[in-house]
Enquirer: 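Pasting in a structure now, in structure tokens, and then I'll have a few things to ask.
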Amino acid sequence: MSNTLEVLRQRRSIRQFSPEPLSDAQIDQLKEIALRSPSSRSLMPWQFIFVSDKDKLRALGHSKPHGSAFLEQCALAVVICADPQRCDVWIEDCSVVATLLHLGAADMGLGSCWVQIRLRPHDDNSDAESYVRSELNIPEQMRVDMIVGIGHAAEEKAGHPQAELPAERIHLEQFDYSAK
Ligand SMILES: Cc1cc2nc3c(=O)[nH]c(=O)nc-3n(C[C@H](O)[C@H](O)[C@H](O)COP(=O)(O)O)c2cc1C
């Protein structure tokens with residue numbers, strides 16, 4: 001069995017973390033994962049902000065009314081942004097990195113979870129992207145796509161059982177309209 005499939009079988013989104021920091025070696029591995037991510041035409045439109053400072057993590061936790069608060073507990077938040085002028089499919093490029101960080105963290109025995117920033121509100125008057133951009137001094141032309149919060153898991157979640165996988169979403173040779 002491939003190691004990748006084994007990691008996928010175990011992986012879950014983790015939102016509770018112990019206060020233990022990541023080691024320099026772990027942070028270096030996560031940087032390497034980000035930098036080895038494939039991108040369209042290898043244009044690499046992304047930039048990554050690795051945040052471990054507690055005050056900044058607290059601020060990132062307030063990015064959205066829902067779904068970002070756990071960032072405050074993380075040892076590390078990787079903010080993934082990109083310059084759309086560099087590549088038309090920058091969203092896909094950033095999504096690949098977020099996915100690889102999530103899987104790579106799981107493979108390293110760490111927990112992690114994606115926080116969607118693009119298209120999400122910060123409050124009634126502003127969007128989460130503008131909020132994160134201003135908190136981290138990100139240039140105006142950069143889009144902030146998502147944040148991956150990473151740390152030592154303080155919750156246990158079982159992988160999704162094989163029997164619960166939505167197998168009907170797979171069509172053979174052509175779209176099957178009789179499938180649910
Ligand atoms: C595109 C995308 C956006 C997500 N945004 C958030 C988010 O803002 N906050 C959050 O807590 N989880 C977020 N998640 C995690 C999902 O909620 C999670 O993957 C889903 O509920 C399935 O749970 P599992 O990863 O444990 O299988 C996001 C996941 C994806 C792929």
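Remember, it's 1-based here, ligands and their atoms both numbered in the order they're listed.
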Enquirer: Under 4.0 Å from atom 1 (C) of ligand 1, do we find at least one protein heavy atom?
Expert: yes

Enquirer: Check Arg120, Arg143, Lys64 against Glu129 for a salt bridge (Lys or Arg N to Asp or Glu O under 4.0 Å) and give me the one that passes.
Expert: Arg143

Enquirer: Give the atoms of ligand 1, by number and element, whose distance to some non-hydrogen atom of Arg12 is under 4.0 Å.
Expert: 24 (P), 26 (O), 27 (O)

Enquirer: Among all protein non-hydrogen atoms, which one is nearest to atom 27 (O) of ligand 1, and what is the separation to 0.1 Å?
Expert: His160 NE2, 2.6 Å

Enquirer: Atoms of ligand 1 less than 4.0 Å from Val115 heavy atoms?
Expert: 7 (C), 8 (O)

Enquirer: To check you understand the geometry: which heavy-atom pair defines the closest contact between Val148 and Ser112, and what is its length?
Expert: CG1-CB, 4.1 Å

Enquirer: Among all protein non-hydrogen atoms, which one is nearest to atom 18 (C) of ligand 1, and what is the separation to 0.1 Å?
Expert: Ser13 OG, 3.5 Å

Enquirer: Among all protein heavy atoms in this structure, tell me which lies nearest to atom 7 (C) of ligand 1, with the distance rounded to 0.1 Å.
Expert: Trp114 O, 3.3 Å

Enquirer: Under 4.0 Å, heavy-atom basis, I'd like to know which part of Arg11 is in contact with ligand 1: side chain, backbone, both or neither.
Expert: side chain

Enquirer: Of the non-hydrogen atoms in Met146 and Ala98, which two are nearest, and what is the gap between them?
Expert: CG-CB, 3.8 Å

Enquirer: Within the 4.5 Å heavy-atom criterion, are Arg9 and Gln162 side-chain neighbours or not?
Expert: yes

Enquirer: Does Arg120 have a heavy atom less than 4.0 Å from any atom of ligand 1?
Expert: no

Enquirer: Is atom 20 (C) of ligand 1 in close reach of the protein, with a heavy atom under 4.0 Å away?
Expert: no

Enquirer: Could you list which atoms of ligand 1 come closer than 4.0 Å to a heavy atom of Gly67?
Expert: 7 (C), 8 (O), 9 (N), 10 (C), 11 (O)

Enquirer: Check Ser52 against Leu57 and note the closest heavy-atom contact, atom names and distance.
Expert: O-CD1, 3.6 Å

Enquirer: Would Leu60 and Leu136 count as a side chain to side chain contact (heavy atoms under 4.5 Å, CB included) if you check the C-alpha gap in whole Å, the side-chain angles of each, and the deciding distance to 0.1 Å?
Expert: CA-CA 9 Å; Leu60 291 178; Leu136 301 182; 4.1 Å; yes

Enquirer: Within the structure provided, determine whether Leu101 and Ser37 are in side-chain contact (heavy-atom separation under 4.5 Å).
Expert: no

Enquirer: Below a 4.0 angstrom heavy-atom separation, can you tell me which part of Cys113, side chain or backbone, both or neither, approaches ligand 1?
Expert: side chain

Enquirer: Fit a plane to each ring of Phe48 and Phe50, take the angle between them on a 0 to 90° scale, and name the class: parallel (under 30°), tilted (30 to 60°) or perpendicular (over 60°).
Expert: perpendicular

Enquirer: For atom 17 (O) of ligand 1, find the nearest protein heavy atom and state the residue, atom name and distance (0.1 Å precision).
Expert: Arg15 NH2, 3.1 Å

Enquirer: Using every non-hydrogen atom in the two residues, find where Met108 and Gln26 come nearest and quote the distance to one decimal.
Expert: CE-O, 3.5 Å

Enquirer: Heavy-atom contact check, 4.0 Å cutoff: does Lys64 meet ligand 1?
Expert: yes

Enquirer: Within the 4.0 Å heavy-atom shell around Phe70, which atoms of ligand 1 are there?
Expert: 11 (O)

